[in-house]
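Letters A, B, ... are given to chains in the order of the sequence lines, protein chains preceding strands, and every chain is numbered from 1. These figures come from a predicted structure and were not determined experimentally. Atoms considered below: every heavy atom in the structure, side chains included; atoms not considered: hydrogens, waters and symmetry mates.
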Amino acid sequence: MLTRALAILLLCVCLPAGALAQTTKLRVSTNQNIDAAAFEAAKANGYFAEEGLEIDTTPVVGGAVGLPAVAAGQVQIAASNLITIVLGVKNGLPFKIIAAGDASSSAPPDLAGVAAKPESGIKSGKELEGKRLAVNTRNNIIWMFARAWVEATGGDLRKVSFIEVPFPQMVDAIRQGRADAAFIVEPFLSVGLKSKEIEVIGWPYATVLKNAPISQWVASKTYIDQNPQVIDKFVRAYNRGTDWINENNRNEKWVSLISGYTRIAPDIVRTAATPLFVKSMDVGQIEKSIELMRKHGLLQAGDRIDVPGLLYRTVASQK
Amino acid sequence: MKKRTAGIVLLILLLLLWEASARFGWVKSENWPTLVAVLEVTYRQLLSGELSLVLAASMARMIVGFVIGSLCGILLGLLLGTLRTLDGFLTPLVEAVRPIPVPAIIPPLILFLGIDDALKIFVVAFSVFFPMLVSTVGGVRNVDETLIRTARTLQTTQGSILRFVILPAALPSIMSGFRISLPLALITTVVAEMIAGSSGIGYVIVRAQYAMQPQEMYSAVLCLMVIGYLLNLLFLLFERRLIPWYHLSENA
Amino acid sequence: MRAFLRVDQISKSYIDGAGGAEAKILNSASLEIRESEFLAVIGPSGCGKSTFLQIIAGLMPPTSGRVLLCDKPISGPPAHMVYLFQQYNKSLFPWRTVRDNVAFPMQMRGAAAADIEQACRDYIRMVGLAGHENRYPWQLSGGMQQRVAIARALAAEPRILLLDEPLSAVDALTRMELQSLILEIWERQKLTILLVTHDVDEAVFMADRVATLTVSPARIDSIIETGIPRPRDPITTRERPDFLTFRRDLLNTLLNRQHAQIPST
Ligand SMILES: Nc1ncnc2c1ncn2[C@@H]1O[C@H](COP(=O)(O)OP(=O)(O)OP(=O)(O)O)[C@@H](O)[C@H]1O
Ligand SMILES: [Mg+2]
C-alpha cells in the first residue's frame with residue numbers, strides 16, 4: 001500500500017517535468033472560418049506536433065473575444081483582424097502580431113463583396129444614400145471598409161445608414177428588404193449569388209486597399225518575452241501550414257480539410273472565393289489601414305500607433 | 001383537458017405550416033430547412049449521442065449558474081428586506097447595476113474571467129441574481145407584521161424568525177422570481193455559449209449558422225424549446241410541492 | 001397584594017402619516033395586574049386598546065413609562081407571556097397545518113419531537129379541534145382558527161395571556177362557547193389573563209375586575225371588582241342582578257363619555 005502510494009507520488013513529481021521537456025501546451029482561439037485554414041492545415045498535418053507543440057483550439061465568434069482572452073492569459077495565441085488588434089493596442093492591451101494570416105486579393109472575386117438586389121438599381125455608394133447598408137458589427141474592419149467604399153464610390157456617409165446583421169443572415173436581410181445592401185463575406189456571398197436574387201455591386205477591399213491585411217495571429221508581450229522559443233516553433237509550423245494551403249489550392253485534400261473543420265459542405269467550399277494566405281506583412285499597407293481608421297473615427301488624431309513595434313520579429317515584413 | 005387538445009392542435013398546425021413553407025418554397029432562403037430535415041438531423045444526433053453531450057454541457061452550466069445566482073439573490077434579498085440600514089446604501093448600487101444587459105458586460109468580463117465556464121456561469125448567475133433579489137426583497141417586505149409579532153410573542157429569536165417565518169412567508173414571491181429567472185438562465189447560457197468555446201447548444205447554433213447547416217441549427221433550437229417547456233413543467237411540479245398552501249389558499 | 005404585572009404611566013404617540021405630526025394615543029396609563037386574576041380592559045373602538053396591550057406584551061416600546069413584570073422592567077416580549085392577536089387570520093402561519101402551528105412555539109424552544117407530538121395532541125384536544133390536525137388554517141372557520149391560535153398560545157406555556165379582542169370577529173354563539181373555553185383553560189392552567197374588549201357583556205361575564213379606558217388620549221379611568229361567583233354559566237350568570245347592574249353601569253359610563261365627546265369634536 002505504502003510503496004504503491006510512493007510510486008504514484010514519484011510518478012506525479014517526475015511526469016510533468018519529463019513531459020514539459022518534450023511538449024508545450026498552447027491554447028489558441030480562432031474563428032473556425034476560412035481565415036484559420038493555414039492554422040488548421042498545420043494542425044492536421046502534424047506540423048505543430050513536430051515542433052513539440054500540443055494545440056488546444058477554442059472557437060470564438062468575432063475578433064473581439066480572442067484578444068481579451070489573450071490579455072487575461074487564458075489563451076496564448078489568438079486570431080484577430082488588424083483593426084481590432086490596433087484598437088486593442090490603442091487601449092493599452094500589449095499585443096504583438098506573431099504571424100501574418102491572410103489578406104484580400106488585388107482583383108475580384110474577393111473574400112467579401114457588397115451585394116444588393118439586381119432590380120434595386122443600386123450600383124454604388126451614391127445610390128445607397130437614404131438606404132441601409134448591412135455590416136456584421138459597427139466599428140470593425142467590415143464596417144470601416146464598407147464606409148470607405150461608400151465614400152470612394154461617390155456616396156455621402158451621412159446619408160447612408162449602417163445596420164448590424166450577422167453574416168449568415170445578410171442574404172435573407174436583402175431578400176426580405178430589411179437591408180438594401182450588405183457587405184457579405186464568403187461563403188455566404190457565393191451561396192447567395194447562386195440564387196440569382198442578389199448580385200455583387202462592389203468589392204470594397206479591391207477598391208479601397210488592394211491586398212489589405214485581414215487577419216493576423218497575436219500573442220501578449222509578456223508571453224512572447226517569457227517564451228520566445230515557443231513562439232518561434234508556433235510560427236515555423238504555422239508558416240508550413242500556409243505553404244501547404246497555397247500549394248494545394250482547391251485540390252481534394254484542401255477541400256476536405258476546410259470542409260472538415262468549418263463543417264461547410266464541400267461543394268460550397270470548392271466554389272467560394274478565398275483570401276490570400278501570406279507569411280509576411282506590408283508595413284505600408286498596415287499604415288494605410290491605420291490611416292483609414294483615423295479617417296473613420298476609430299482612432300483619434302492624438303493616438304500614436306508604433307507600426308514596427310506592432311510586429312514581432314517572426315512576422316516577415318516588407319516596406 | 002379541452003384547452004390542452006386545442007393547444008396541441010395549434011402546435012401541429014404550426015409545424016405543418018413550417019414544413020409546407022419550406023417544401024413548397026413559400027419562404028425562399030437557404031436558411032429555412034424543412035421540418036423533416038430538421039427532425040432527421042435531430043434523430044441522427046440523438047442516436048449518435050452527440051445531442052445528449054451538447055445538452056448536458058449546457059444544462060450543467062445553466063444549473064450551476066442558476067443555483068449560484070439564485071442563492072446569492074435570495075440571501076442578499078433576505079438581508080436587504082430585513083435590514084433597513086443596509087438597504088439604504090445597497091439599493092442604489094443594485095439599481096445601477098441591474099439594467100446592464102448581459103452582452104454589454106461580456107468583453108470586459110473576459111479580461112477577468114476568461115472565456116471558459118467561469119465566464120459563462122458568472123453570466124448566467126448574474127442574469128438570475130437580479131430577478132431573484134427583487135422578488136425576495138418584495139416578498140420579505142410584504143410579510144405581514146402580525147406574523148412577525150406573533151413569532152416574537154412566542155419567544156422566537158431573530159434568526160429563527162428569518163428562517164421559520166419570513167422565509168416561508170416570502171416563498172411564494174421567491175418562487176415567482178424562480179419562474180422568471182429559469183427561462184432567463186436558459187437563454188443566457190445559450191448566449192454565453194455563442195461567444196466562445198466548443199460545447200453546448202449556443203455553440204452548436206452558431207457553428208451551424210456559419211457552416212450553413214440550418215437544419216442543424218433548427219434542431220438545436222427545437223431542443224431548446226423542448227427543454228424550456230420541460231423546465232417549466234418541472235418547476236410547476238416543484239412549486240406545487242414546496243408551497244401547496246399558497247395556490248390552495250388563493251382558491252379558498 | 002403585591003403587583004405581579006405593573007403598567008407604570010405609559011404614554012404612546014404615533015408619528016401621524018406624511019405630515020409628521022404626533023398623535024398621542026395613550027396618556028400616562030397605569031394598571032396593576034394581580035397574579036392569577038382575570039382582568040378585562042374595556043374601551044370604545046379605536047381608543048388604543050391594542051396599542052396598550054402590545055406595549056405590555058413588549059411588542060412595542062412606549063414613548064414614556066414602563067411595564068414591570070415581578071418588579072423587573074420589560075424590554076421585548078418576556079418569557080411566559082403570550083399575546084393573542086385580534087386578527088387571528090393574519091397571525092396563523094398559512095404554510096403550517098393546525099398541528100404544525102401548535103407545534104411552532106415548542107419547536108422554537110427546542111423541545112423533543114416526541115414531547116411535541118404529545119403536547120400538540122393535548123392542546124388540540126383541549127380547544128376541541130381533535131381530527132383537524134392536518135388541515136390548513138384557511139380551511140377552517142373563523143372560530144376554529146381562533147381555537148388554533150389559543151392552542152398555539154398555550155403551547156408556549158404562558159403564565160400570562162394577553163387577549164386582544166379575541167372573539168370580536170366570530171359569531172355570537174361561537175363567542176359564548178369560546179368564552180367558556182377560555183375561562184376553563186384559565187382556571188385549569190392557573191393563568192393570569194388580561195383581556196381587552198369593547199364588549200361590556202364579555203368583560204363582566206369573564207373578568208374578576210374590569211378597567212375602563214377613556215377615549216384618546218387614553219388612560220385607565222376606573223376599575224371595578226365584580227365579585228360575581230365562579231364557575232360562571234353562559235346563561236344563568238347573565239341573568240344575575242349584579243351582572244346586569246355592572247353591565248348597565250359600565251355601558252352608561254362608556255356611552256355617556258361618547259355623548260359628551262360629540263359637541264367638542
Ligand atoms: N402604527 C401606527 N401608526 C400610527 N397610528 C397608529 C398605529 N397603530 C395604531 N394607530 C392609531 O392609534 C389609535 C389606536 O389604535 P389601536 O389599534 O390601539 O386601537 P384599538 O382600541 O385597538 O382599536 P380597535 O377597537 O379597532 O381594535 C388609532 O387611532 C389608530 O389609527
Ligand atoms: Mg385593537
Look at Ser29(A), Ala72(A), Pro59(A), Gly73(A) and state which one has the largest set of heavy-atom pairs under 4.5 Å with chain B.
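Option with the top pair count is Pro59(A).
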Of the options Gln169(A), Gln176(A), Arg175(A), which is the one that meets Asp172(A) in a side chain to side chain donor-acceptor pair (under 3.5 Å)?
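Single pass found, and it is Arg175(A).
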Does any backbone or side-chain atom of Leu119(B) lie under 4.5 Å from a heavy atom of chain A? Answer side chain, backbone, both or neither.
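No part of Leu119(B) comes within 4.5 Å of chain A.
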Measure distances from Gln209(B) to the heavy atoms of chain A and classify the residue's part below 4.5 Å as side chain, backbone, both or neither.
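For Gln209(B), backbone and side chain are both near chain A.
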No-hydrogen, no-angle side-chain donor-acceptor test under 3.5 Å, Asn81(A) and Gln216(A)
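No donor-acceptor contact under 3.5 Å links the two side chains.
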Side-chain donor-acceptor pair under 3.5 Å between Thr262(A) and Gln32(A), yes or no?
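No, no side-chain donor-acceptor pair sits under 3.5 Å.
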Looking at Phe112(B), Tyr203(B), Trp32(B), which has the largest count of heavy-atom pairs under 4.5 Å with chain A?
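The option with the most such pairs is Tyr203(B).
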Using only atom types and a distance under 3.5 Å, with no angle test, would you say the side chain of Thr34(B) pairs donor to acceptor with the backbone of Glu19(B)?
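The answer is no, because no donor-acceptor pair under 3.5 Å joins these two groups.
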Which heavy atom of Ile231(A) sits nearest a heavy atom of Ala219(A), and at what distance?
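Minimum heavy-atom separation between Ile231(A) and Ala219(A): CD1-CB, 4.1 Å.
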Sort Val70(A) into side chain, backbone, both or neither according to what part of it lies under 4.5 angstrom from a heavy atom of chain B.
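Looking at Val70(A), nothing touches chain B.
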